[in-house]
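Chain letters run A, B, ... following the sequence lines, proteins first, then strands; residues in each count from 1. Model, not experiment: these values are computed from the prediction.
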Amino acid sequence: MELKKSYSPEEIEDKWYDAWERNGYFKPDQDAEGSPFCIVIPPPNVTGSLHMGHALNATLQDVLSRWKRLRGHKVLWLPGTDHAGIATQNVVERELAKEGLDRHRLGREEFIERVWKWKADYGGRIIHQLKKIGASCDWSHERFTLDDGLSQAVREVFVRLFEEGLIYRDNRLINWCPRCHTALSDLEVEYEDLEGKLYYIKYPLEDGVHYLTVATTRPETMLGDTAVAVHPDDERYRRFINKVVQLPLTGRRIPVIADTMVDPTFGTGIVKVTPAHDFNDEATGKRHNLPFINVITEDGSMSPEAGERYNGLDRYACRKKVLDDLKELDLLEGEKKHSHSVGHCYRCKTIIEPLLTIQWYVRVETLATEAVAAVKRKEINIIPDSWENNYFAWMRDIKDWCISRQIWWGHRIPVWYCPDCRTDDGILQGDLIEHIFFEPVKLSDGAMIQSGTYSELRRLGLSKEEIINNSKVIRIPKSVIPVCGREDPKVCPNCGGDVIRDPDVLDTWFSSALWPFSTLGWPGKTDDLQTFYPTSVLVTGFDILFFWVARMIMMGLKFMEEVPFRDVYIHALVRDAKGQKMSKSKGNVIDPLVMIDKYGADAFRFSLAAFAAQGRDVRFSEERVEGYRHFINKIWNASKFMLMYKGSWTRLPVSPADVGLDLGSKWVLSRLSAAAEEVHRNLEIYRFNDAANTIYQFLWHEFCDWYLEMSKPLLYNEESAGRTGVINCLYFVFEKMLQLLHPLMPFVTEELWNTVLDKDYSIMTSRYGGDLPRDFDTEQKMGYLIDAVTGIRNIRGELNISPSVELRADIRTASGDVEALFRENSEIFKKMARCKEVNIGPGIKRLKGSAVSIKNGMEIYIPMEGLLDVASEVSRLEKEIAKVESSLAFLNKKLQNDDFMSNAPREVVEKERIKFDDLVKKEQKIEENLKLLRSIDR
RNA sequence: AGGCGCGUAGCUCAGUGGGAGAGCGCUACCUUGACACGGUAGAGGUCAAGGGUUCGAUACCCUUCGUGCCUACCA
């Protein structure tokens, strides 16, 4: 088979991927003798498109999966996507808006159908884009968080947590996105510093004389103030404590309270307290039993409680109006610029509104304690371990997890309420459940109605369906008793009446938290679960350590009574070459698919792996990808070289113990062992960059630069004794090399495995056996050869001798072993050093006009027949002797130092002494030669 | 404010208690029978600064400066 002049990835990548998939090589090998190895992919959003983070993440997982397969493990890499509740709903809502529709007009069921249809058409592409980078996921195991099986797991988990009292409802301030119209968890809020204003507002005291000036960034919330607070020790205001102020614009009388949360140095030292619209004030309000007045609604506009003048205004329009009104009343004392951090919705970037609502929560305290203990006990290793502290710190301060979302796309909360039953306090529940319609509904008598309690609306003649289907907001107070179960109740289990289902769905992360076991078939007792749980390693970015990793650990421990994974490998974020986070708005996004198009998947993957040093961000630069494409080209050309000798390849196995093998072959076998050992060791501890560099170094600089070059004299001479050995060794090393490289570069290695090695099975199904033993004696011998060759090349380069000039080398050897070595390998040596004549022996003398290279155990003379530029050679040797002397001075100081001699470990002292002795010898010899140069050659 | 990290060759980055490495770039030479996406050689660093521990510090500790991120707060 012929290979083209250079490597064209596009011609082979799809071909091999299809073949692998068709042959089922991505499925766990049932005959594998090794232990099971399982990775569940961090499921990307179904709406997403592939970015560099996914590419890095998937590459690392694929490297591990492929490497483990080669090592004989039964490997499952399980792919899938999550349903991304808010994001996906947003996408489809935007689509509807283009058609002049909205989800309420469409209705819940029809809307959900639309989302499924969208998903079928566009969703989940991202995961299949991974095929382009060669991801060896078992696609027959692909999962989606809203699949039936996973939904069943969600149901089971919810019900059990509910039954155990670990899930509860509560009325608290939550982060609310007025645009997405849903609650968000603390983690889903992104804070950003904004330039705002601090407004100083006068609150008149009841005495009609004094007033207190508060400073606020959100004047519109004053309509909901229920107190003014000062620090108890603040002398300026102490006398006002327990007095009453008239809240401007409302006339409400509110108390002046003392609370230590007030910072006397900020603003005026007087704080307005709005318990229903600020997290700090909520706490203050609870401490002081203040009323909570909700002046802002779910869509970010002012509520009737804000007063008739402001009711219905958008929160920012209201701010302006409030300020105008205050100015009018001369109660606005001033304003100044103020930069502060403001929460934004992580999905749509709308400014968050803290809102008092009833939500579902998971009580995480005990779950978190267990999850911390598991990491402390090393049942889970977080790598790099610097992330452990981060994990512990977060878990220590963890707050209960708000899991309800007021959207439609997701796992609907399996809870129902009966309007006909009564609360524990004896109140009819239907009287407590409030509905707000998305548009006014016409009653049978022609009147229009916008909202009301369930009971009222029923009395007005609306059916249950009409009420539910028209509701934009349903408020169900805490006292209404929830009915939760594994089966959907048709009627109320107590009274047999109609029940209303909780309108909310669960946070997407709730289902993601179950991913390591729900994907393997839980709550069923499946073989997959038996074989692959706990999974081996989770590979993910640190940005979802809390969102996801911590929650998986909690849920895994709770429901599987076993950690979800043994290792968590946290990789870095991919940034651009300047270290900036890639983002669409900055326009510095690099599309992985474009990289693959340009450079091929192998070069791209190899770059990512080589960049993935632990604990540091990846600064991605296209130049490096280009560099690694050159590396592939190097492999490609080495392959072409090998193909020339394929006819003579006897396919006999080789080993370093083969007596017939030449020095170079024995050497390369030993170096291969060293490289392989290092690659395996590095992958074992997730040092992807070290693994990549090891194989790069071996392949290019040892195999190509030295071994291929050394083998040429033997290969060119068809009569040479070692020829067959060299050819067999070349192919043997090549095969092992391809296997070592395969996890990093699956495509090109498969191509060469087939074309160069003529294998009748895929490299994917091959096994990398044990390593051969090192041969240190050979490595040392080769060291002499390399030293001598390098010395001569150095002379050639420094003295500007053309490579076409063949030199004569006179080598004085210090031992018989070295002499024998050069005699045995003189042909190879001549070729490598480009010499036509080599004289070797202990009695060799320097000829006049020779350049010199002093090496350990040998002195090399290059006679130049009067052409030697004595001045350059003198300065060259002087430079070298200067180096030697400075080293000697340094070593001498050390060896003269009694403290060093008595305190340093013996082997260090010994090492330094040997170094010193060698350098002394070297110095003497260079000195002698300099003397000769200065006298005879002058 | 608290926490975590980073600062090593022109650039991007590895690294280690015993006088620093790679890739790219640069310089010189070379179309030598796999490869110019190549070969050979070379130049280039007070390992941010200061102090401490140590026989010995680029590495460990402290301080400072610069820089990035995370968490919290910001009335």
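Nucleic acid contact class of A/T790 (heavy atoms, under 4.0 Å, all strands): sugar-phosphate only. Counting any heavy atom pair closer than 4.0 Å across all strands shown, A/N389 reaches no nucleic acid atom. Here A/V214 lies out of heavy-atom contact (under 4.0 Å) with every strand. Using a 4.0 Å heavy-atom distance criterion, A/V273 is classed as making no nucleic acid contact. Using a 4.0 Å heavy-atom cutoff across all strands shown, A/M644 reaches sugar-phosphate atoms only and no base atom. Residue A/D690 is in sugar-phosphate contact alone, with no base atom involved, counting any heavy-atom pair closer than 4.0 Å across all strands shown. Counting any heavy atom pair closer than 4.0 Å across all strands shown, A/R876 reaches no nucleic acid atom. A/H701 comes within 4.0 angstrom of the backbone, heavy atoms only, and of no base. Within the nucleic acid shown, A/N794 comes within 4.0 Å of sugar-phosphate atoms alone, with no base atom in reach, counting heavy atoms only.
Checked against B/rU12, B/rC37, B/rC29, the side chain of A/N800 finds its nearest nucleotide in B/rC29. Counting only heavy atoms from C-beta on, A/A904 has its side chain closest to B/rC55 among B/rC55, B/rU40, B/rC30. When the nucleotides B/rG18, B/rA41, B/rC55 are ranked by their closest atom to the side chain of A/P905, B/rG18 comes out on top. Each of B/rC55, B/rA34, B/rC24 was ranked by its minimum atom distance to the side chain of A/K634; first place goes to B/rA34. With B/rA34, B/rU12, B/rG15 as the choices, the nucleotide that has an atom nearest any side-chain atom of A/R687 turns out to be B/rG15. When distances run from any side-chain atom of A/K712 to the nucleotides B/rC37, B/rC30, B/rA34, the shortest one goes to B/rA34. In this structure, the nucleotide among B/rU32, B/rG18, B/rA34 sitting nearest to the side chain of A/L708 is B/rA34. Side chain of A/Y696, nearest nucleotide from B/rG23, B/rC37, B/rA41: B/rG23. Checking B/rG18, B/rA14, B/rG5 against every side-chain atom of A/S386, the shortest atom distance belongs to B/rG5. Proximity note for A/N903 (side chain, C-beta onward) versus B/rA34, B/rC55, B/rU40: the nearest is B/rC55.
Closest of all the heavy-atom pairs between A/P9 and A/Y599 is CG-O, 4.1 Å.
Distances shown here put every side-chain N or O of A/H340 at or beyond 4.0 Å from the OP1 or OP2 atom of B/rC73.
Counting non-hydrogen atoms of neighbouring residues, nucleotides and ligands closer than 6.0 angstrom, the CD atom of A/E878 exceeds 12 such neighbours.
Centre separation under 5.5 Å together with a plane angle under 30° holds for the ring of A/Y716 and the six-membered base ring of B/rG33, marking them as stacked. B/rG56 has no base stacking with the ring of A/F900 when judged by centroids under 5.5 angstrom apart and an interplanar angle below 30°.
In RNA chain B, runs of at least 3 consecutive Watson-Crick or G-U pairs, each pair with both distances below 3.5 Å, span B:1-7 with B:65-71, B:10-13 with B:21-24, B:26-30 with B:38-42, B:48-52 with B:60-64.
Between the P atom of B/rC70 and the CD atom of A/E192 lies a distance of 12 Å, rounded to the nearest Å. As rounded to whole Å, 12 Å separates atom P of B/rG39 from atom CZ of A/F631.
For an aromatic pair to be called close, the ring centres must be under 6.0 Å apart, and A/W387 with A/Y391 fails this. The aromatic ring centres of A/F606 and A/Y628 sit less than 6.0 Å apart. Residues A/Y7 and A/H630 keep their aromatic ring centres 6.0 Å or farther apart.
On a pure distance criterion of 3.5 Å, a polar donor-acceptor pair joins the side chain of A/E709 and the base of B/rA34.
The stretch residues 598-605 of chain A has no heavy atom under 4.0 angstrom from RNA chain B at all.
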Requested in this report: Please test A/Y707 against A/H701 for ring-ring contact (aromatic ring centres under 6.0 Å, His included), starting from the C-alpha separation and ending with a verdict.
Outcome: CA-CA 9 Å; A/Y707 184 55; A/H701 299 302; over 10 Å; no
